[in-house]
Amino acid sequence: MSLINWRALPGASPLKSDSDFDRVTRVLAEMVLRRDALLGWELLQHPRRLNIRTIDSVCGEVARLLPVLSGAGGRQTPVEDPTLMYREAARETLMQLGGADVELDAALCTVLLHRDGSLRDCERLLMEMLPLRNQWGELVPLGTQQLDDVFWMKRYCLSLSWRWSRRSVKD
């Protein structure tokens, strides 16, 4: 039962608590009830008028109301074919070539080298990889340690050699 509704019930008494939080809440609730009576809001009869929500709910509403191009949100509805969105994401990524993010620039240059400098081919490759990101996402280097050859040697080459040796023993 909400703190505001205790007055609406016959024979109900206020909560008996000594905590500062409860006292402040009681004072605020009584102020709301006085304002309700003054302005005729009828909050006890229509409690949904208070519009009490979680912070996640409020943030979600704000994000849905903002235009997509503002970069702060936009309409969030599922699409049947996200191919155009993947193409746009790939293009936006390739537009970062020569940008301030040195690691991203180096990675994009490496991809371009492997694709004979074809931006169109790189865009297609990135676009086709996006729907499969759950398969490769954890393999993508995220920091300088993961970019280090020693890290890769320890993590993958040793693992591969161990698997290969086990396979040779079975044969």
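Within the 4.5 Å cutoff, the side chain of Cys59 has no heavy atoms near those of the Asp56 side chain. Using a 4.5 Å heavy-atom cutoff, the side chains of Arg53 and Glu61 are in contact. Proximity of Arg26 to Glu30: side-chain heavy atoms (C-beta onward) are separated by under 4.5 Å at one or more points.
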side-chain contact (heavy atoms from CB on, under 4.5 Å) assessment of Leu44 paired with Leu33: CA-CA 9 Å; Leu44 294 176; Leu33 287 172; 4.1 Å; yes
Chi angles and distances behind the side-chain contact (heavy atoms from CB on, under 4.5 Å) call for Gln96, Leu108: CA-CA 8 Å; Gln96 302 299 313; Leu108 290 173; 4.3 Å; yes
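In terms of modelled atom types and a separation under 3.5 Å, the side chain of Asp116 and the main chain of Ser118 share no donor-acceptor contact. Listed for the Asp105 side chain is no donor-acceptor partner under 3.5 Å among the backbone atoms of Leu97.
Taken to the nearest 0.5 Å, the CD atom of Glu123 stands 10.5 Å off from the CE atom of Met95. Interatomic distance, Arg124 CZ to Leu119 CG, rounded to the nearest 0.5 Å: 13.0 Å. Atom CG in Leu125 sits 15.0 Å away from atom CZ in Arg120 (nearest 0.5 Å). Atom CG of residue Leu84 and atom CE of residue Met127 lie 8.5 Å apart, to the nearest 0.5 angstrom.
For the 3.5 Å distance criterion, the side chains of Thr25 and Asp22 fail to qualify, holding no donor opposite an acceptor.
Tracing side-chain contacts under 4.5 Å through hydrophobic residues (I, L, V, M, F, W, Y), one reaches Leu43 starting from Ile52; they form part of the same cluster. Leu113 is not connected to Leu94 by any chain of hydrophobic side-chain contacts under 4.5 Å among Ile, Leu, Val, Met, Phe, Trp and Tyr, and they are in different clusters. The hydrophobic clustering, which links ILVMFWY residues whose side-chain heavy atoms are closer than 4.5 Å, places Val27 and Val32 apart.
Residues Leu112 and Cys122 come closest through the heavy atom pair CD2-SG, 3.6 Å. Ala90 and Leu126 make their closest contact through CB-CB, 3.7 Å (heavy atoms, listed as atom of the first residue, atom of the second, distance). Minimum interatomic distance between Asp121 and Arg115 (heavy atoms only, all atoms of both residues): OD2-CD, 2.9 Å.
The environment of Arg49 atom CZ is dense: over 12 non-hydrogen atoms of other residues, nucleotides or ligands sit within 6.0 angstrom.
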